[in-house]
Number of protein chains: 2
Amino acid sequence: MTVGLGRSQRAGIRQVADRAGVSVSSVSRVLTSHPDVSARMRKRVLEAVEQLGYEPDWLAQSMRRGATLTVGFVVGDISNPLFAQIALGAEVSLQREGYSMLLANSQNQPVLDARHIRLFQQRRVDGLLLSLASENHTETLEALAGLETPIVLIDRDLPPAVAASAVLSDHQSGMRAAAASLIELGHRRIGMITGSIDLRPSREREAALRAVCAEHPEVGAVVRPGSFTAAHGAAATAELLDGADPPTALVAGGNQILIGVLRELRARGLSVPSDISLVSCDEVPLSELYDPPIATIVRDPFRIGQRAAELLLGRLRGDQPHHAVLPSMFAPGRSCGPPR
Amino acid sequence: MTVGLGRSQRAGIRQVADRAGVSVSSVSRVLTSHPDVSARMRKRVLEAVEQLGYEPDWLAQSMRRGATLTVGFVVGDISNPLFAQIALGAEVSLQREGYSMLLANSQNQPVLDARHIRLFQQRRVDGLLLSLASENHTETLEALAGLETPIVLIDRDLPPAVAASAVLSDHQSGMRAAAASLIELGHRRIGMITGSIDLRPSREREAALRAVCAEHPEVGAVVRPGSFTAAHGAAATAELLDGADPPTALVAGGNQILIGVLRELRARGLSVPSDISLVSCDEVPLSELYDPPIATIVRDPFRIGQRAAELLLGRLRGDQPHHAVLPSMFAPGRSCGPPR
DNA sequence: GCAGATTCTGGGAACGTTTCCGGAAACGTC
DNA sequence: GACGTTTCCGGAAACGTTCCCAGAATCTGC
């Protein structure tokens with residue numbers, strides 16, 4: 001361990017060179033393990049490095065090499081456990097390959113999406129992981145249009161003009177299984193509360209539900225898109241239950257929406273599944289430990305993050321943009337029963 | 001909007017200067033809003049900037065200025081909602097002041113803490129936000145010892161040798177209130193399951209519980225430290241319940257521990273609070289929506305993150321290191337009742 | 001119309017690396 | 001011992017900014 005006694009400034013490659021009595025370029029060669037370097041030289045340089053506690057300056061390296069070993073992650077809200085797990089999966093994978101991750105919360109405001117994309121571009125990130133707040137914000141699309149840095153979208157559809165990789169969840173298969181299960185139980189009117197319609201997950205789930213209903217003419221679906229928030233979950237639940245011909249089963253399209261739904265059901269003193277059946281999307285501790293355990297359309301968010309990182313690393317190695325599809329599955333639970 | 005038609009390379013300040021027919025330094029002055037610049041000059045430069053779609057290179061700027069406008073956040077596991085909320089609070093506050101946040105998960109391995117600290121230092125971050133996996137890891141302390149960059153610890157106690165700011169939760173007041181409430185209900189034997197003993201939250205909570213018990217000689221406490229995981233929560237619950245003189249009330253020292261506790265209680269068919277009373281730490285949706293709602297020692301994680309960012313920004317402006325203490329409060333819930 | 005102050009501008013040295021290039025030294029071959 | 005290779009090393013030009021410094025231009029007061 002080197003104690004920083006006399007030196008007030010941190011040592012540069014220059015100091016190392018002086019100390020070792022060699023040229024700056026030789027030090028650089030040793031440290032980048034260039035082949036043209038003698039054993040004696042290597043030894044001297046490494047000694048000087050050790051003595052001075054030298055560590056190369058990342059800024060200078062990045063500037064010179066043109067790569068920052070940094071990727072930016074733009075996410076609506078990291079405090080949402082779904083995104084937190086995705087972020088974890090991605091960060092751990094990137095970290096293993098020497099990359100660091102810059103995190104920016106857009107607080108679900110498309111305008112911040114765009115701003116952060118530009119900021120990261122200026123910061124010279126080598127790649128971008130995007131979980132956008134909206135797929136249709138022009139400013140965001142403009143910011144993306146001119147980009148030469150590799151992009152990986154997380155469960156988003158963008159016009160093919162932006163040449164991006166993507167890791168997509170196959171929401172439809174899970175949703176179809178869930179709907180089929182409800183219909184099997186006897187439900188004829190299914191309510192679905194979901195987030196913004198210009199976000200892929202909402203669209204896919206709705207499409208799947210409608211497709212299943214189309215196969216069963218006796219079944220009707222009523223969909224309430226809005227936002228992925230507890231407030232919307234509660235409000236939409238109230239609307240559906242107070243409406244004419246209220247559904248006998250409810251699908252909550254996200255962990256925050258689920259919270260709102262449960263709050264509203266509790267406020268009304270309704271019990272699951274005897275009064276109403278319930279299906280949620282994306283597993284959280286609450287789903288498992290609620291009584292009864294909540295039937296859930298599950299996927300593996302950690303794996304999504306991993307896969308996104310892999311796609312990005314691939315592109316950084318020169319691969320072409322690629323779309324990866326990850327499965328979703330219906331995990332039945334006692335929150336579903338026959339309609340009353 | 002500037003379309004990148006002919007230019008394959010992104011424009012540098014040099015190109016802007018040529019285009020505007022002025023010197024490089026003048027362009028720099030305009031863009032850094034230096035006072036010594038005429039209106040005509042500003043106009044010409046800004047036009048050129050607009051035409052070329054020029055954006056300053058952050059690497060070069062950082063290198064020259066000696067500041068990166070970046071802070072590093074080392075956290076055990078961002079997928080834990082507590083830390084995710086802290087991260088959100090911090091990132092939003094930092095973002096507002098123009099700082100970006102590098103995120104690194106240490107996966108609760110002290111050795112990764114140390115590695116990330118060194119990595120961030122090399123990356124020239126302007127400051128560090130640390131939620132360490134251990135307070136006693138020598139490698140980490142060594143890495144911290146020589147640091148000149150401002151540090152803010154999040155709910156951690158480190159030897160005063162490291163001159164760090166810290167935002168600390170006052171766990172004790174909440175814990176004392178919870179214990180008092182349990183005793184008031186008639187409990188005489190209180191079990192507590194918590195994380196690693198060389199982490200401040202565990203120590204503080206245990207100290208508070210023991211202090212309260214000391215005031216009530218008829219009450220005994222049995223504490224099971226371990227790790228902040230569901231696995232430990234379940235195992236410790238089983239141990240306590242199978243032991244001699246099992247507790248009639250349980251305190252779960254974290255949201256993951258709570259999950260384990262609830263799993264074990266469910267597996268045993270025990271119901272809350274008639275068979276056993278339950279208190280948890282740090283609010284999660286599960287606490288609110290569980291039936292019965294779980295009494296919880298709450299704090300405001302978003303605020304913790306905000307405060308950490310404020311402390312760091314303060315230090316970056318030249319303030320001295322400072323300790324901030326944030327409250328915790330006991331929020332009673334129907335998960336507590338008289339012992340059977 | 002001139003001295004001195006003020007406003008503005010350009011040149012160029014830094015920041016800390018990497019890497020190209022040319023040359024010196026060592027080596028083997030005839 | 002001349003010569004071509006190979007191995008190793010140092011010099012110096014980049015990378016894209018900021019900022020000090022000196023000098024030019026304009027202004028002010030008389």
Side-chain angles (χ1 to χ4, degrees), chain A residues 7-46 48-49 52-70 98 119 121-126 148, chain B residues 7-46 48-49 52-70 98 119 121-126 148:
Chain A
R7 72 185 160 96
S8 53
Q9 303 291 356
R10 45 179 301 154
I13 201 175
R14 192 59 209 254
Q15 281 72 31
V16 177
D18 288 350
R19 168 80 106 155
V22 301
S23 79
V24 169
S25 29
S26 294
V27 176
S28 175
R29 266 190 297 263
V30 168
L31 295 178
T32 56
S33 54
H34 190 94
D36 290 355
V37 48
S38 67
R40 208 171 67 94
M41 171 68 83
R42 180 170 356 260
K43 184 162 173 295
R44 296 187 61 174
V45 168
L46 290 181
V49 165
L52 294 172
Y54 167 76
E55 286 185 334
D57 183 323
W58 174 83
L59 283 174
Q61 284 186 320
S62 298
M63 167 137 136
R64 184 56 233 235
R65 301 210 243 236
T68 55
L69 287 179
T70 306
L119 172 70
Q121 181 188 14
Q122 196 174 338
R123 285 205 166 224
R124 289 286 130 93
V125 297
D126 293 339
E148 74 293 355
Chain B
R7 72 184 161 96
S8 52
Q9 304 292 355
R10 46 180 299 154
I13 201 175
R14 190 60 210 254
Q15 281 71 31
V16 177
D18 289 351
R19 168 79 103 153
V22 302
S23 80
V24 169
S25 29
S26 293
V27 176
S28 175
R29 265 190 298 264
V30 169
L31 296 178
T32 56
S33 56
H34 190 94
D36 289 357
V37 47
S38 66
R40 207 171 67 94
M41 171 70 81
R42 181 171 353 262
K43 184 161 175 294
R44 294 188 62 175
V45 168
L46 290 181
V49 165
L52 294 172
Y54 166 78
E55 285 184 336
D57 184 322
W58 173 84
L59 283 173
Q61 284 185 320
S62 299
M63 168 136 135
R64 184 55 235 236
R65 301 209 243 235
T68 54
L69 288 179
T70 306
L119 172 69
Q121 181 189 12
Q122 195 173 338
R123 284 203 168 227
R124 290 285 130 92
V125 296
D126 294 339
E148 73 296 353

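In the text below, chain A, chain B and the rest are named by the order of the sequence lines, each starting its count at 1.
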Any protein N or O atoms within reach of nucleotides 4-7 of chain D? Criterion: under 3.5 Å, listing atom names and distances.
none

Check nucleotides 12-14 of chain C for protein N or O atoms closer than 3.5 Å to its own N or O atoms and list the pairs.
residue	atom	partner	partner atom	Å
C/dA14	N3	B/R64	NH1	2.9

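Contact between the side-chain N/O atoms of B/S26 and the OP1/OP2 oxygens of C/dG10 is found at a separation under 4.0 Å.
Within the structure, every pair that satisfies the side-chain hydrogen bond (donor to acceptor under 3.5 Å, both in side chains) test and touches residues 23-35 of chain B, not counting sequence neighbours, is listed here: B/S23-B/S25, B/S23-B/S26, B/S26-B/R29.
Checked against side-chain contact (heavy atoms from CB on, under 4.5 Å), B/Q61 has the following partners two or more places apart in sequence or in another chain: B/P56, B/R65. For A/R14, the salt bridge (Lys or Arg N to Asp or Glu O under 4.0 Å) criterion is met by A/D18, not counting sequence neighbours. For B/V30, the side-chain contact (heavy atoms from CB on, under 4.5 Å) test picks out B/V37, B/M41, B/R42, B/V45, B/L46, with sequence neighbours left out. In this view, A/D57 and B/R124 satisfy the salt bridge (Lys or Arg N to Asp or Glu O under 4.0 Å) rule, not counting sequence neighbours. With sequence neighbours excluded, the residues forming a side-chain contact (heavy atoms from CB on, under 4.5 Å) with A/E55 are A/R10, B/R118, B/Q121, B/Q122, listed by chain and number. Judged as a side chain to side chain donor-acceptor pair (under 3.5 Å), and not counting sequence neighbours, the contacts of A/R123 are B/T70, B/S100.
Side-chain atoms of A/M63 lie closest to D/dG16 of the nucleotides D/dG10, D/dG16, C/dT9. When the nucleotides C/dC15, D/dC9, C/dT9 are ranked by their closest atom to the side chain of A/V37, D/dC9 comes out on top.
Note that the two end axes of the helix from C/dG1-D/dC30 to C/dC30-D/dG1 enclose an angle of 40°, each drawn from 5 base pairs, rounded to 10 degrees.
One donor-acceptor pair, N or O on each side, does fall under 3.5 Å between the base of D/dG10 and the side chain of A/R29.
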